[in-house]
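Below is one structure; the comments refer to it alone.
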Amino acid sequence: MFNKKKLLQNIIEHYYEQVEQMESNYDIDNRQATKIQSYYRMYVLHKSYKKNQNATITIQKYCRAYLARQSVKQKLSECKNRRNIIYLSHQAQTIQRYFRGYIYRKYVHDFYLRKKQLELMNIKNQNFLQELRSKAEQEKEEEKIRHEQAAKQEFMKLATNLHHLTSTKSQPGIYKPPFAKENPKAFDIEVETQLKIAFQTNVQWKSQKRSGSAQRAVTSQGFRIRPQSQKLK
């Protein structure tokens, strides 16, 4: 019985000691419990944050992939439409070009009529060129004749007073040497013949000039010259 009381008393004492120790360590235990709770809550929140973050990243990834696919599809569609427009425009221009060529060839510019016109134009051009050539040759010939006439006139003018160089019955002239095989020529006529012609022409012209001046002088003095047909026999 005594032992039981003593044991009970010891237990009570030990209990109070533990209560006192617990009250003395309350602040430390409270701080430790708070720290444990904070770490646990931090772990739970961090785990929830990571889960939400992974879920958000996954959602963003799928959304961005969807938007990127839609953007690529739109760009591909625009590129395809642009290529189709370019191709169809080229084909339309080709068709229009051939159709306009056909219309112009058939109704506006007939090929065979155009060919015939070009042939006629070529013939006209050839005729015109022939006329130009003939006219140029004619002008050249006329220019040559004018030069020859001018040269002849100059020659006749110079040969007018050279009659003393012609041949006589007793003495040959300088333009008709006795031992020459061919006499010198001017304008396809012998020079001596040209000198004689020039001299005769000059003498006739001077005689006509003298007779004309005499007639004018007689008429001026009041005498009338009777024509040869009215002379008395």
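Because the structure is predicted, anything quoted here is derived from the model rather than measured.
- Asn81 contributes a side-chain N or O that, together with a main-chain N or O of Ser77, makes up a donor-acceptor pair within less than 3.5 Å.
- Using a 4.5 Å cut-off on side-chain heavy atoms (C-beta onward), Ser48 and Asn52 make contact.
- Distance CG/Asn54 to NZ/Lys61: 10.0 Å, rounded to 0.5 Å.
- In this structure, the separation between CD1 on Ile103 and CZ on Arg100 is 11.0 Å, given to the nearest 0.5 Å.
- In this structure, the separation between OG1 on Thr56 and OH on Tyr49 is 8.5 Å, given to the nearest 0.5 Å.
- Between Met121 and Gln117 there is no side-chain heavy-atom pair separated by less than 4.5 Å.
- With contacts defined as side-chain heavy-atom distances shorter than 4.5 Å, the pair Tyr112/Lys116 does not qualify.
- Contact check on Glu137 versus Lys140 returns no salt bridge, with no Lys/Arg side-chain nitrogen under 4.0 Å from an Asp/Glu carboxylate oxygen.
- The distance from atom CZ of Arg41 to atom OG1 of Thr34, rounded to the nearest 0.5 Å, is 8.5 Å.
- Rounding to the nearest 0.5 angstrom, the gap separating the CZ atom in Arg64 from the CD1 atom in Ile59 is 12.0 Å.
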Can Lys144 and Glu141 be said to form a salt bridge (Lys or Arg N to Asp or Glu O under 4.0 Å), step by step?
CA-CA 5 Å; Lys144 184 179 179 181; Glu141 191 68 25; 5.1 Å; no
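- In terms of hydrophobic clustering, with Ile, Leu, Val, Met, Phe, Trp and Tyr side chains grouped at heavy-atom distances under 4.5 Å, Tyr107 and Phe99 are assigned to a common cluster.
- Here CD of Glu17 is found 9.5 Å from CG of Asn10. Values are rounded to the nearest 0.5 Å.
- With 3.5 Å as the limit, one finds no donor-acceptor pair spanning the side chains of Lys35 and Tyr39.
- If you run side chain to side chain contact (heavy atoms under 4.5 Å, CB included) between Arg133 and each of Glu131, Gln130, Lys135, only Gln130 comes through.
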